[in-house]
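Okay, so here's the structure we're looking at.
Any value given below was found using the heavy atoms of this structure, including those in side chains, with hydrogens, waters and symmetry copies removed. Note that this is a predicted model, so its numbers are computed, not measured. Just follow the structure's listing: the first ligand is 1, and inside any ligand the first atom is 1. We're numbering straight along the sequence, starting at 1.
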Amino acid sequence: MATITMKFGGTSVGSVEAITNVVAITKREVAAGHQVALVVSAMSRITDGLLNIIQMAENRDKWGYLSEVQKMRERHEEAINALMAPGKNRDNTALAINKLLDEAVEVCHAINILSEASPRIRDAIVSYGERMSARLVAAALSENGLNSRAYDATQFIVTDDRFGSAAPMWAETERRIRDHLLPQIQEGVVPVLTGFIGATKDGAVTTLGRGGSDFSGAIFAAYTRSDELVIWTDVDGVMTTDPRIDRRAKVIDRVSYTEVGELAYYGAKVLHPKTVQPVLDLEVPIRVRNTFNYDHPGTLITAQSEAASTVIKAVTAVRNVSLLTVSGRGMIGVPGVAGRVFTAAARAKANVLMFSQSSSEQAMCLIVSDDMAQAAKEGIEDELKEEIARRNVEGVALQPNIAIVTVVGSGMRGTPGVAGRVFSAMGAKAINVLMIAQGSSECSISFAVDASELKDAVYTLHELAL
Ligand code: ADP
Ligand code: ASP
Ligand code: MG
């Protein structure tokens with residue numbers, strides 16, 4: 001008997017039609033004799049809505065957050081009424097969800113008085129989306145005769161207290177899932193677990209970062225020793241590029257953990273970048289499938305890569321990033337400059353997405369997200385203030401409106417000339433490449449362009465992957 005963890009994303013639980021599909025998919029797996037665990041995201045757009053009500057409460061817009069909560073209430077109620085017949089199951093589910101929303105309103109009132117929400121309070125409010133959808137989906141499964149129960153992942157996933165992007169404490173999380181969740185699954189319960197959230201040792205609710213339900217799915221798959229993790233989403237699988245950028249995008253049958261890790265890190269929203277982490281060593285296969293197209297086999301992700309007819313398997317892009325250039329003739333030979341620049345960026349809480357240094361050591365380029373760019377620039381300038389005063393370093397230039405374009409394919413390692421083809425293609429289109437870096441895994445090449453050239457660059461390179 002196999003154990004299968006299935007994660008359903010926001011669109012996959014975002015409507016009555018979608019949840020009806022979730023029920024059908026789950027029933028098939030159970031009928032096939034498998035043990036299943038579900039991990040769910042909030043209904044589509046609910047997480048954005050919750051972030052919105054926090055903002056409105058901070059701005060003392062009481063009418064604003066009350067009416068937004070009312071809309072969420074109606075959306076969930078509509079789903080409950082369509083998915084459940086009148087009776088105890090429907091009443092209890094409505095009661096549980098309304099109670100959560102009442103709590104959210106209470107917290108908003110408190111924020112309204114203080115005009116400020118701490119990161120801890122923000123995570124507590126944002127967690128309501130998944131807590132509602134887990135109850136909704138579990139009730140829909142029960143309504144259809146399955147032995148299902150909703151669980152808040154706060155009791156299983158223990159994290160540090162970096163609210164907004166908390167990291168799991170692996171050993172304790174594993175112990176809790178093994179001791180308290182696995183026995184339920186083995187008894188035939190179909191648990192519906194909240195994605196995206198965890199809690200600190202002291203019980204404060206945390207979130208794992210936007211899109212983090214995929215990561216939650218992988219954590220549960222790993223520690224329930226699942227035979228497979230299925231990421232159910234709204235496209236047929238991992239594609240050669242974002243179908244929203246280029247409609248010619250095709251589904252890739254097979255990719256490796258490493259390849260998909262690069263894809264996700266460099267912008268392919270279909271999987272959260274941390275998804276492969278928990279399942280990598282255990283080699284739990286991941287399948288990405290479409291909740292709305294059951295007959296499509298989707299994409300299989302395993303440790304092995306499969307050679308593609310095109311060396312480049314996929315093209316991705318990251319928007320809303322800035323380029324920081326630290327330059328100066330006197331940088332040559334200043335010991336540890338690169339290290340100090342990185343440390344200063346980290347101190348400013350700026351994650352460096354890409355880095356390169358010119359061979360003459362006269363310039364260092366870093367790419368960071370827009371919202372962190374100014375802080376990173378000031379942090380680096382402060383760190384190098386003596387060198388700047390002595391004119392060894394000219395300063396730190398900030399160039400906004402940048403995009404990173406990445407091509408991925410493990411076949412690149414043994415194929416000469418891939419970089420040449422990529423940059424010739426850019427040259428032929430007169431796209432100006434501002435900076436280049438090759439991934440350490442040697443299965444990706446990333447470069448920076450002006451944001452206005454992003455579509456053209458992706459479109460052109462995508463042709464090499466088709
Ligand atoms: P979910 O709510 O199921 O987690 P997401 O919206 O987070 O779904 O991710 C799925 C979306 O990712 C797709 O609708 C698609 O637009 C986008 N996407 C971006 N790049 C890719 C890619 N390379 N392959 C497939 N989908 C991609
Ligand atoms: N609901 C969360 C978000 O919108 C997590 C997820 O969907 O993966 O970011
Ligand atoms: Mg997602």
Identify, for [atom], the protein heavy atom at the shortest distance, and state residue, atom and that distance.
atom: atom 16 (O) of ligand 1; answer: Arg244 NE, 2.9 Å
atom: atom 25 (C) of ligand 1; answer: Gly237 O, 3.4 Å
atom: atom 6 (C) of ligand 2; answer: Ser213 OG, 3.3 Å
atom: atom 14 (O) of ligand 1; answer: Asp234 OD1, 2.8 Å
atom: atom 7 (O) of ligand 2; answer: Ser41 OG, 3.1 Å

Any nitrogen or oxygen of [X] lying under 3.5 Å from a nitrogen or oxygen in ligand 1? Just yes or no.
X: Thr233; result: yes
X: Met239; result: yes
X: Lys269; result: yes
X: Lys7; result: yes
X: Gly10; result: yes

Any Gly195 heavy atom less than 4.0 Å to ligand 2: no
Sub-3.5 Å N/O-N/O distance, Gly10 and ligand 2: no
Asp214, any N or O under 3.5 Å of ligand 2 N or O: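 No.
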Test item, Ser44 contacting ligand 1 (heavy atom, 4.0 angstrom):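 Ser44 does not count as a contact of ligand 1 under the 4.0 Å cut-off.
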Less than 4.0 angstrom from a charged side-chain N to a carboxylate O is my criterion; do [X] and [Y] meet it?
X: Asp253; Y: Lys313; result: no
X: Glu174; Y: Arg225; result: yes
X: Arg135; Y: Asp152; result: yes
X: Lys349; Y: Asp371; result: no
X: Glu453; Y: Lys429; result: no
X: Glu74; Y: Lys71; result: no

Residue among Phe8, Phe220, Trp232 satisfying side chain to side chain contact (heavy atoms under 4.5 Å, CB included) with Leu38: Phe8
Thr26 and Met6: CA distance, side-chain angles, deciding distance, side-chain contact (heavy atoms from CB on, under 4.5 Å) verdict: CA-CA 9 Å; Thr26 310; Met6 303 197 285; 3.8 Å; yes
Heavy atoms of other groups near Arg319 CZ, more than 12 under 6.0 Å: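 Not more than 12 within 6.0 Å, no.
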Heavy-atom nearest neighbour of atom 1 (N) of ligand 2 within options Arg210, Glu130, His272: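 The residue whose heavy atom sits nearest atom 1 (N) of ligand 2 is Glu130.
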Minimum non-hydrogen distance to atom 15 (C) of ligand 1, winning option of Thr291, Val270, Asp242, Asp236: Asp242
Cation-pi, Tyr65 ring and Arg60 (6.0 angstrom, 45 degrees):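 No, Arg60 does not lie over the aromatic ring of Tyr65.
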Ligand-side contact atoms (ligand 2) for residue partner Gly212, heavy atom cut-off under 4.0 Å: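 Going through ligand 2 atom by atom, the ones under 4.0 Å from Gly212 are 5 (C), 8 (O).
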Atoms in ligand 1 flagged as close to Val238, the criterion being non-hydrogen separation under 4.0 Å: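 That gives atoms 24 (N) of ligand 1.
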Enumerated ligand 1 atoms positioned under 4.0 Å from heavy atoms of Thr241: 22 (C), 23 (N)
Chi angles and distances behind the side-chain contact (heavy atoms from CB on, under 4.5 Å) call for Leu181, Leu193: CA-CA 10 Å; Leu181 180 64; Leu193 299 139; 3.9 Å; yes
Derivation of the side-chain contact (heavy atoms from CB on, under 4.5 Å) call for Val318 and Ile367: CA-CA 11 Å; Val318 182; Ile367 301 241; over 6 Å; no
Side chain, backbone, both or neither: Leu263 near ligand 1, heavy atoms under 4.0 Å: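 No part of Leu263 comes within reach of ligand 1.
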